[in-house]
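Letters A, B, ... are given to chains in the order of the sequence lines, protein chains preceding strands, and every chain is numbered from 1. Everything numeric in this text was worked out from a predicted model, so none of it was measured.
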Number of protein chains: 2
Amino acid sequence: MSEFSVQDVAFMQMALDLAQQGQFTTTPNPSVGCVLVKAGRIVGKGFHFRAGEPHAEVMALREAGENARGATAYVTLEPCSHFGRTPPCAKGLIEAGVVKVISAMHDPNPQVAGKGLQMLAENGIESAVGLLAEKAEWLNRGFLKRMRTGKPFVQLKMAMSLDGRTALANGESKWITNALSRADVQVERAKASAILSASQTVIADDPLLNVRWEQLPEPVQQAYSVENLRQPVRVILDSQHQVTSTKRLFKIDAPVWLVSKTARDLADYPVFCKQILLADTSHYLQDLMFELGQRQINTVWIEAGATLAGALIEQNLVDELIIYTAPKLLGDEARGLCKLPHLTQLADATLWKLHSIERLGDDIKSIYHPIVMEPKC
Amino acid sequence: MSEFSVQDVAFMQMALDLAQQGQFTTTPNPSVGCVLVKAGRIVGKGFHFRAGEPHAEVMALREAGENARGATAYVTLEPCSHFGRTPPCAKGLIEAGVVKVISAMHDPNPQVAGKGLQMLAENGIESAVGLLAEKAEWLNRGFLKRMRTGKPFVQLKMAMSLDGRTALANGESKWITNALSRADVQVERAKASAILSASQTVIADDPLLNVRWEQLPEPVQQAYSVENLRQPVRVILDSQHQVTSTKRLFKIDAPVWLVSKTARDLADYPVFCKQILLADTSHYLQDLMFELGQRQINTVWIEAGATLAGALIEQNLVDELIIYTAPKLLGDEARGLCKLPHLTQLADATLWKLHSIERLGDDIKSIYHPIVMEPKC
């Protein structure tokens, strides 16, 4: 990356840090940050906070005012070129007199996809792309997956003992992991567009599946005030219509989408509860992901049992495994992590790439990505 | 630890690094390092290499010669006070004119246990104990455990998939972990006084259970030449006399101890094969550990199946779990990590403390210690 200087890297990192401030709220939009620099001095900073509100570039231009003239813009995603709920940012940068735009990456959104940069070029503005692209990609892996494939980025969360067990034989699983892990789950839920679970889990544990602000770690609370709290959509697979309106899910005023093959009467359910009807096919889970993509879900955080987990893995629908391992041994009789088809050769085992490991007290959080990202089917 | 200066810490760290050079060879002795410092300058360095050969202090005094007079000695373990295969080191330090001795920790060996420091004090030599004690303790946790309890330090090695499975349902387990993990296992074996396994494993896999120098990582090979290679004792639980003399174990010229309740005829076995006879009691495994302690085994590295692993854990005989986790999912039908008694409450699960995590490529090596170290029985 010889075309970029050390200063360029530092300013783009700043733009990424800004972008991250929108990570809990921008869905279905991407998180974007922008820094305007003139003669080595920062003259404007901004980030996108919420869909419908100004984009990062607009915020930075507002702060810079007249100082934007002659400045270089560092943006974590190619400036948009289309009229959405706000006017195109490329146009804003041109009108403000910015002379150069450095983007971390192209925007795969078909409404943008190079057109932003083209608009800049047509107005004589220099541009460069690819600075800290990997970090920018990571930050918006949900939005980017949806733009590229029409499906959300699927995160499968698993909490297990040292020996890969999620619950005792009698089902007891509260709590395998420690308080730090559980707080981290709250952060991950807070970032997700939707939380997916199955009726079996709802029936067995009667969970809320929401974000509980008071359980977020303090630094997150400081950056994300309770007034701005966004609840992810709770998506429940419930083909047998077993999730009754008395469940605790419905005590929280946030969307619930019940997924089934046949329609049910929603009269007893709160107004925030909707249903998704999907035909019964052999690629039901895949269809569900496309349906969620259509509904602008960027990331799905899945908390489910061994059956759904196994089915998602088997069908190559998982983009990320997030495993919390607690320092306990539960033994062979306890419940396993995922039901998978019988294997006769190790070479046939699903393979993953270790992205990162992190200590959470005596628990370990490990993140894995599949070696094959796209479904076979 | 205000009694120690930054210089003291640096010199003791150097002594620890020296001590570590003996880690593959000193058993049944501890690994000890010594640095002699006079007027801020190192005048002698030494470490213990092999039982019967000079102790660390002697090596350092030899290097220092006349410069030892007036020097401070940094030793990773209290200098010995008894005549063993070599004369007492405390005496050597006194005769050489050393004026101060800083030890990382006391030697719990009943033949030493404070007597070394007492001998120094009686000769007007100042001494201090406790500098980097935790690191010194870690380095010799095998020797120290044996001195304190009469039993070796028991390390249970487990290699598993992400979902805690050690083999497919049909038994296939070659190879779950990657080459880096397998090389690390060679290093751990090389440090161990003994490797313990069970007849089932020997029958199923026909393993060598030795150290293969050519499989050690290059930095280890450079520090530990093939001529000095020490093979751990291979201890095999074989109550049914199923381990015949045709097994590959016996192709390697290194001790094998077959453990059973009744004697067998060893005529067909090589001379390096011995037997240990143990009465059949309810605390058979505990008795075995005392027997191995008697035989000067400091550390036992265990590679075994779910049954022996479970029994050792259940009886609180494991001092360290070393888990290699490979990025594969094998599913619920594959073989579990350890057989443990049925649990009805999570509160009854065996608890562990996470000591460390390390990436080995896409594998994870994690080390755990039990919350309760001593057996209940």
Side-chain angles (χ1 to χ4, degrees), chain A residues 158 160-170 172-176 306-307 309-310 313-314 321 323 325-364 366 368-371, chain B residues 158 160-170 172-176 306-307 309-310 313-314 321 323 325-364 366 368-371:
Chain A
M158 292 164 148
M160 66 180 209
S161 65
L162 265 186
D163 50 343
R165 308 290 161 160
T166 60
L168 297 184
N170 65 16
E172 191 189 336
S173 65
K174 276 192 180 174
W175 301 102
I176 284 186
T307 309
I313 289 164
E314 198 195 331
L321 277 184
I323 303 187
T325 306
K328 295 184 173 112
L329 284 169
L330 302 187
D332 261 20
E333 294 183 18
R335 296 193 183 174
L337 197 66
C338 55
K339 291 199 203 306
L340 290 175
H342 184 79
L343 284 182
T344 53
Q345 313 187 64
L346 266 178
D348 296 337
T350 343
L351 285 181
W352 300 79
K353 204 175 153 33
L354 177 60
H355 172 266
S356 58
I357 40 177
E358 186 185 347
R359 267 191 92 132
L360 295 167
D362 283 344
D363 285 2
I364 299 173
S366 49
Y368 292 88
H369 295 134
I371 301 280
Chain B
M158 292 163 147
M160 64 179 211
S161 65
L162 265 185
D163 51 344
R165 307 291 161 160
T166 60
L168 297 183
N170 65 17
E172 192 189 336
S173 65
K174 281 195 174 171
W175 298 103
I176 284 186
T307 309
I313 290 163
E314 197 195 333
L321 278 182
I323 303 187
T325 306
K328 296 184 173 111
L329 286 169
L330 301 188
D332 261 18
E333 295 184 20
R335 296 195 184 173
L337 197 65
C338 55
K339 291 201 202 307
L340 290 175
H342 184 81
L343 284 181
T344 53
Q345 311 189 65
L346 266 178
D348 295 336
T350 343
L351 286 180
W352 301 78
K353 201 171 160 35
L354 177 59
H355 171 266
S356 58
I357 39 178
E358 185 186 348
R359 265 190 93 131
L360 294 168
D362 283 344
D363 285 2
I364 298 174
S366 48
Y368 292 89
H369 295 136
I371 300 280

In terms of heavy-atom proximity below 4.5 Å to chain B, should [X] be classed as side chain, backbone, both, or neither?
| X | value |
| --- | --- |
| A/Thr307 | neither |
| A/Leu329 | both |
| A/Asn170 | side chain |
| A/Glu333 | side chain |
| A/Ser173 | backbone |

With only heavy atoms counted, which part of [X] is less than 4.5 Å from chain A, the side chain, the backbone, both or neither?
| X | value |
| --- | --- |
| B/Leu321 | side chain |
| B/Ile323 | side chain |
| B/Leu351 | both |
| B/Asp348 | neither |
| B/Ile313 | side chain |

- Ion pair check, A/Asp332 and A/Arg165, cut-off under 4.0 Å: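 A salt bridge links A/Asp332 with A/Arg165.
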- Query: Under a 4.5 Å heavy-atom cutoff, which of A/Ile364, A/Thr350, A/Leu346, A/Ile357 has the most pairs with chain B?
  - Reply: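 Greatest number of close heavy-atom pairs with chain B: A/Leu346.
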- Query: Top residue by heavy-atom pair count (under 4.5 Å) with chain B, among A/Leu162, A/Leu330, A/Ile176, A/Asp163?
  - Reply: A/Leu162
Which heavy atom in [X] sits nearest to a heavy atom in [Y], and how many Å separate them?
| X | Y | answer |
| --- | --- | --- |
| B/Trp175 | B/Lys328 | O-NZ, 3.3 Å |
| B/Ala349 | B/Leu343 | CA-CD1, 3.8 Å |
| A/Ala309 | A/Met158 | CB-CE, 3.7 Å |
| A/Tyr368 | B/Asp362 | CE2-O, 4.3 Å |
| B/His355 | A/Arg359 | O-NH1, 3.1 Å |

- Message: Is the shortest side-chain heavy-atom distance between B/Leu168 and A/Thr344 below 4.5 Å?
- Response: no
- Task: Flag the pair B/Asp363 / B/Pro327 as yes when at least one side-chain heavy-atom distance between them is below 4.5 Å, and no otherwise.
- Result: yes
- Task: Using atom types as modelled and distance alone, determine if a side-chain donor or acceptor of B/Arg335 lies under 3.5 Å from a backbone N or O of B/Ala306.
- Result: no
- Query: Counting heavy-atom pairs under 4.5 Å to chain A, which of B/Pro341, B/Ala169, B/Cys338 comes out on top?
  - Reply: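 Highest number of heavy-atom pairs under 4.5 Å: B/Cys338.
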